[in-house]
Each structure stands twice: as structure tokens, then as C-alpha cells.
Participant: 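My structure is below; once you've seen it, I'll send some questions.
Treat the numbers as computed from the prediction; the structure is a model and nothing was measured. Chain naming here is simple, since letters A, B, ... match the order of the sequence lines and numbering starts at 1 in each.
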There are 2 protein chains.
Amino acid sequence: MATRPVSNPLALAVLACLWERPMYPYEITTTLRERGKEDSIRLNFGSLYSVIQQLVKKDLIEVERTEREGNRPERIVYAITPAGRQETDAWLRELIAQPVKEYPAFETGLSLLAMLPPPDAARLLQQRLARLDADLTEREALAAGDVVSRLPELFVVELTYRIAMLKAERDYVAQLAGRIERRELGGFGLWAQLHDQLAQGRSHQELAAELAPVLTAGDDPQPDEGAAPGEGHRPAP
Amino acid sequence: MATRPVSNPLALAVLACLWERPMYPYEITTTLRERGKEDSIRLNFGSLYSVIQQLVKKDLIEVERTEREGNRPERIVYAITPAGRQETDAWLRELIAQPVKEYPAFETGLSLLAMLPPPDAARLLQQRLARLDADLTEREALAAGDVVSRLPELFVVELTYRIAMLKAERDYVAQLAGRIERRELGGFGLWAQLHDQLAQGRSHQELAAELAPVLTAGDDPQPDEGAAPGEGHRPAP
DNA sequence: CTCCGGATACTCGCCCCAGAGTATTTGCGA
DNA sequence: TCGCAAATACTCTGGGGCGAGTATCCGGAG
């Protein structure tokens, strides 16, 4: 099959819990929360119960029994099936071994950066930088903190991974913001000019038409068509 | 408002196209593809047309005219409204300035790494490493290639960003795989032991119960409860 | 002349998911 | 002992997204 029988990653978390022992749904949420998994796996009630239904339908888990404690609502206890164990194993291996294409929001934003005036872009990137730094120091404190640092590293790899990625993003953003502020980024001239003219009231449509030859560089290389952009890093006087 | 009136990032791409000039839907897809945006923004027909309906309903875009060329199906040409321009601007600024919590698949995988036997984990990480390297060299070639390198840097920031992030992930994975192979990762002893016993047929449930005290370290610090894990990096003899 | 493949331009329907809502119960302070 | 907030354990609903399908037209090969 091309994709997983149940695609929501929460399903994997459910399988992982039941891998250890039978549980009822609410217990699964609290277990995941206790172990601090809820910020590497998106967890909410709505999805949980529907994901459990899907898992049952695919015979990856099954109802083990129902129990009731006092007058609380009935609990339905689920257990993993052999097929479920197999699926858990295969899915997890795939997640680790196979990078998948994702679409982070910031990448989307960057791909449209030219729409913002250069000074604004620089300022907004500085804001992001500050927020990334705050997040980073918070997570580093967590990692160094009493509770976590006493835990074997194995159980906090997702935290160290996230820290590593945050650092990389931080560095990239800092460098990009700096190069925009110093007017060094390739294309700065055109960029500044575009927004000058927009500010002076020229129509988007006209300006877009002028820019069109510069930014058409799709994935099919047609080297004969290349006009000379003749664009330098020279700051505008 | 807490969130954007139309949440799908594809809507932003549509607005960005119409920001330049009126277009019909199919033209939007081809434009985005030509500019190489389709691998920083998820693009498919199903979503495109529904997103356009949503944008119309929210008065961010409107029908400008319908035209027909030869006997081809009718084209509905859309134009951005003033509210649409404002939304585009605000949304883009938010994307740049405000980091948002995301749930990358690999982080999910890492958070469950302990379920795999250590040697398998190391091997799978090496596979990921190889694939990341392949992806990385491909993208670096693209960035250095004829077409792209002639393009002002401004218009390929999303590519350099992705390269930076791929490098960071690459480094993290390489380091992690290495430390597992050399049995250095904190918790290696417990980890190897757990899988030895599983292999010898002990029940998941028993073993999970034994491990429970070690891995309960939620976000509420209860320093009095800490049992001494007494776990070292010593490789199993 | 005719066939076929690819481009053009959208439509449909199912599955899925998220957030808000519900009803009970226990603990705890006043 | 009275209330009130937090915890327990789900249910419901509606919209959104995605893949697969549809229909037409043009151009070139044979």
C-alpha cells in the first residue's frame, strides 16, 4: 500500500501506548501527557476518538473489555492486535528512515518575501529571531532542568532534535536579516526599487510585468532564453 | 481574530498571484509551478478550487469577468479586492515574524525511538542520513545550477533556507546514529536490556511496568519523587 | 484523414479532523 | 455542609482537503 492504513500520527501514539498494555482512551491521553509526548505529537480529543474508531475498523486494535469505576462514565479498554504490533513497527521504521516532504509555514513565507518592503522584511525577521531565541532558551533550560537532565538521553531525543533545528533556523534568520539590513542580499536593488515605485502609486500590474522576465526560472532549464539581469549588490545611493 | 479567515496556505499563494494581476484558476497553478513555488507550498487542484470559493465568500477576491478562448471551457478570471490585499500583507507578516508550532514526522518518530531495538535504530538512522545527503546534494546542485544561480538571491531564499535546515538535520542524525553505534547514548544500557528481554519472550506489559518509574518525567516537576536511575554509559559487556 | 496523447480547465464525493460542547464526580476551601 | 472549580470521560457537528475522475480541444505522427 502506498500509505499507512490510518494516516494520522496520533494513531501511532495510540498504538505505542497499547504496545505496552491495554488502556482506555482517556488513559491514553494522560499517559502521553505525562511522558511529555504531547508536544511532538498533536493531541486532541476529537481526533483521538475518531482515530481509535479507524484503528478498530482496520483490526489494528480491539475492544478488550469495558469497565466502570464508581459512577463514572463507562470505560472502554482497548488492546493492540498482532497486526497492530506489526503496523506500529513498520510505521515507526518508515518515519525514522524516510525523510518526507513537509511544508513549514516559514518556508511559505520566505517564498513570498519579495512582497514586503525590504525594511519591513528585516524588522519582521528580527522579531522572529527574538522569539526563536526565547523559545530556544526555554527549551535549553528544560533540557538542563532537574527533571529532564536526570532522564536517560534516549527518552529526550525529540527535545534535543528540536533544539538543534531551532538553532539552525535561528542562525539562518539572523544571517538573512543582517544581509538585508546591510543591503547585501542579491537582488536588493530591484527589490527596493519595486517597493519605491509601488509607494509612488505605480500599479502592481505594470511592475509585475517588468519583473516577469527576471523571476521566471522554472524547473525546465532553457539556457537560450536567459536575458542578462545585470543585477549587482550595489546599495542604492 | 485568532486565526486567518482562510487557513490553507495555498490561499496565500493565490492571493499573492492575484496581487500582481487578475488570473483564472488554472493560470494560477501554472504560474506557481513556473516560479518553482510548488515545493514550498502544497498545490493540488482539489484544494485550489475550494480555497478560491472560500476567498470569494470572505470577499478577499472577486470574479472580474469570464472569458472563453475558442471552444475551451469557460475561464473565470478573479481579481483581488482591497480587503484581500490587506489580508495578504497581514498574513505574510505573521508568517515571517511569528514562529508556529509544527509537528514534523521525524520528531514523532524520534519520540518513540525506544520501541525499536538499538541496532535497528542505528541502521535506520544511517538510511535517513544517506537520503538526506542525496536530497542535499541535489538541492545544492540546483542552487549552484545555471538557472537558479543567475536569479537574484532574494527569489530563492526558500531554497537556501531549506538547505540550511537539511544540513542541520543531517548533522543531528549523523551524530545520533554514531552515538548509538558506539553505545554512548544515555540510557543505552536499559534500552539494550529491554529489547534483549523482549527477544527472550518476556511480556511487553511486565517490562513496561518496570520501566515506568524511569520514564515518568512530565512537565510538572516533583523533585521528591525522583528515584535514582543510576544509569551509566557503560557498554554492556 | 485519423488517431492518440497531452494540455486545458474544472468537478465530485468521501474521509478526516478539530474544536466546542456535555454530563458527571471528586476534592477542597470557606 | 455548601458550593465551585478541576478532573473524568466522552460526543457531535460541520467544514475542509485531497485524490480521483471528467470532458473538451489542439497538434503532430503515420
Side-chain angles (χ1 to χ4, degrees), chain A residues 1-14 17 22-34 38 41-58 60 63 65-78 100-103 108 218 220, chain B residues 1-14 17 22-34 38 41-58 60 63 65-78 100-103 108 218 220:
Chain A
M1 69 203 66
T3 184
R4 292 288 141 200
V6 179
S7 63
N8 192 329
L10 181 55
L12 182 60
V14 169
C17 285
M23 293 190 190
Y24 52 94
Y26 193 82
E27 191 182 6
I28 293 175
T29 49
T30 51
T31 306
L32 289 173
R33 268 204 254 277
E34 252 170 31
E38 63 156 352
I41 298 170
R42 175 175 264 119
L43 172 57
N44 67 35
F45 291 108
S47 317
L48 179 69
Y49 288 92
S50 88
V51 148
I52 285 178
Q53 289 320 307
Q54 295 168 237
L55 287 171
V56 169
K57 198 156 61 189
K58 298 280 162 71
L60 302 175
V63 175
R65 63 182 189 280
T66 63
E67 62 179 33
R68 137 164 295 162
E69 186 173 302
N71 262 353
R72 288 291 171 76
E74 212 171 46
R75 292 168 178 167
I76 300 177
V77 179
Y78 294 89
V100 294
K101 197 170 182 359
E102 278 164 34
Y103 297 83
T108 303
D220 43 3
Chain B
M1 70 201 66
T3 183
R4 293 285 140 202
V6 179
S7 62
N8 192 331
L10 181 55
L12 182 59
V14 169
C17 285
M23 293 189 189
Y24 53 93
Y26 193 82
E27 192 183 5
I28 293 175
T29 47
T30 51
T31 306
L32 288 174
R33 268 205 253 277
E34 252 171 31
E38 62 157 351
I41 298 170
R42 174 176 263 117
L43 172 58
N44 68 35
F45 290 109
S47 315
L48 179 68
Y49 289 91
S50 89
V51 147
I52 286 179
Q53 289 320 307
Q54 294 167 238
L55 287 171
V56 169
K57 199 157 60 190
K58 297 282 162 69
L60 302 175
V63 176
R65 65 180 188 281
T66 64
E67 61 179 34
R68 135 165 299 163
E69 187 174 300
N71 261 351
R72 287 290 171 73
E74 212 171 45
R75 293 168 176 166
I76 301 177
V77 179
Y78 294 90
V100 294
K101 196 168 184 358
E102 280 164 35
Y103 297 82
T108 303
D220 44 4

Participant: dC16(C), OP1 or OP2 - any side-chain N/O from Ser50(A) closer than 4.0 Å?
Facilitator: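 Ser50(A) to dC16(C) OP1/OP2: no side-chain N or O under 4.0 Å.
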Participant: I want to confirm an ordering. Mapping Phe45(A) and Val6(A) to their closest nucleotides on DNA chain C, which one lands closer to the 5' end?
Facilitator: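 The answer here is Val6(A).
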Participant: Measure the distance from CZ on Arg4(A) to P on dC17(C) and round it to the nearest whole Å.
Facilitator: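 Whole-Å distance recorded here is 16 Å.
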Participant: May I have the distance from Leu10(A) (atom CG) to dA18(C) (atom P), rounded to whole angstrom?
Facilitator: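 So the two atoms are 8 Å apart, to the nearest Å.
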Participant: Let's see if you can work this out: which of dC18(D), dC10(C), dC17(C) has an atom nearest to the side-chain heavy atoms of Ser47(A)?
Facilitator: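 So the side chain of Ser47(A) is nearest to dC17(C).
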Participant: What nucleotide, of dG19(C), dG17(D), dG19(D), holds the atom closest to the side chain of Asn44(B)?
Facilitator: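 Per side-chain heavy atoms of Asn44(B), the pick is dG19(D).
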Participant: Does dC15(C) have OP1 or OP2 under 4.0 Å away from a side-chain N or O of Gln54(A)?
Facilitator: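 No, Gln54(A) has no side-chain N/O under 4.0 Å of OP1/OP2 on dC15(C).
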Participant: Between Thr29(B) (side chain) and Tyr26(B) (backbone), is there a donor-acceptor pair under 3.5 Å?
Facilitator: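 Indeed, once roles are kept as given, a pair shorter than 3.5 Å links the two residues.
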Participant: At under 4.0 Å between heavy atoms, what does Ile52(B) touch on the DNA or RNA strands: base, sugar-phosphate, or nothing?
Facilitator: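 Counting heavy atoms under 4.0 Å across all strands, no contact is made by Ile52(B).
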Participant: Specify the separation, in whole Å, of atom CG of Leu48(A) and atom C1' of dG19(C).
Facilitator: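 So the CG-C1' distance, Leu48(A) to dG19(C), works out to 14 Å.
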Participant: Please check: side-chain N/O of Ser50(B) versus main-chain N/O of Ser47(B), any donor-acceptor pairing under 3.5 Å?
Facilitator: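 Such a contact is found between Ser50(B) side chain and Ser47(B) backbone.
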Participant: Measure the spacing between OH of Tyr24(A) and CD1 of Ile52(A) and express it to the nearest 0.5 Å.
Facilitator: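 One gets 12.5 Å once the value is rounded to the nearest 0.5 Å.
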Participant: In Å and rounded to the nearest 0.5 Å, what is the CZ to CE distance from Arg75(B) to Met23(B)?
Facilitator: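 Taking CZ in Arg75(B) and CE in Met23(B), the distance rounds to 12.5 Å.
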Participant: Might you work through the side chain to side chain contact (heavy atoms under 4.5 Å, CB included) test for Leu32(A) and Glu38(A), ending with a clear yes or no?
Facilitator: CA-CA 6 Å; Leu32(A) 289 173; Glu38(A) 63 156 352; 5.6 Å; no
Participant: Does a nitrogen or oxygen in the side chain of Asn8(A) sit under 4.0 Å from OP1 or OP2 of dC17(C)?
Facilitator: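 Yes, within the criterion.
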Participant: Between dG19(C), dC10(D), dC17(C), which one does the side chain of Tyr49(A) approach most closely?
Facilitator: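 It is dC10(D).
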Participant: To the nearest Å, give me how far apart CG (Leu43(B)) and P (dC10(C)) are.
Facilitator: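 Value for this atom pair: 14 Å.
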Participant: At a heavy-atom distance below 4.0 Å, what parts of residues 23-31 of chain B sit against DNA chain C?
Facilitator: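 By residue number: Tyr24(B), Pro25(B), Tyr26(B).
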Participant: Send over the distance from Ile76(A) CD1 to dT8(D) P, rounded to a whole Å.
Facilitator: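 Rounded to the whole Å, the gap is 18 Å.
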Participant: Looking at residues at least two apart in the chain, or sitting in another chain, which of them share a side chain to side chain contact (heavy atoms under 4.5 Å, CB included) with Ala11(A)?
Facilitator: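 Val6(A), Val51(A), Leu55(A), Trp91(A).
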Participant: Using only side-chain N and O atoms of Gln53(A), determine if any of them is under 4.0 Å from OP1 or OP2 of dC16(C).
Facilitator: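 No, because none of the side-chain N or O atoms of Gln53(A) sits under 4.0 Å from OP1 or OP2 of dC16(C).
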Participant: Can you sort out the partners of Glu27(B) under side-chain hydrogen bond (donor to acceptor under 3.5 Å, both in side chains), two or more places apart, ordered by chain and number?
Facilitator: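 Residues passing side-chain hydrogen bond (donor to acceptor under 3.5 Å, both in side chains) with Glu27(B): Arg21(B).
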Participant: Can you measure Arg42(B) atom CZ to dG16(D) atom P for me and round it to whole angstrom units?
Facilitator: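 After rounding, the gap between these two atoms is 17 Å.
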Participant: Which nucleotide wins on minimum distance to the side chain of Arg75(B), given the candidates dT8(C), dC17(C), dG19(C)?
Facilitator: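 Given the options dT8(C), dC17(C), dG19(C), the side chain of Arg75(B) is closest to dT8(C).
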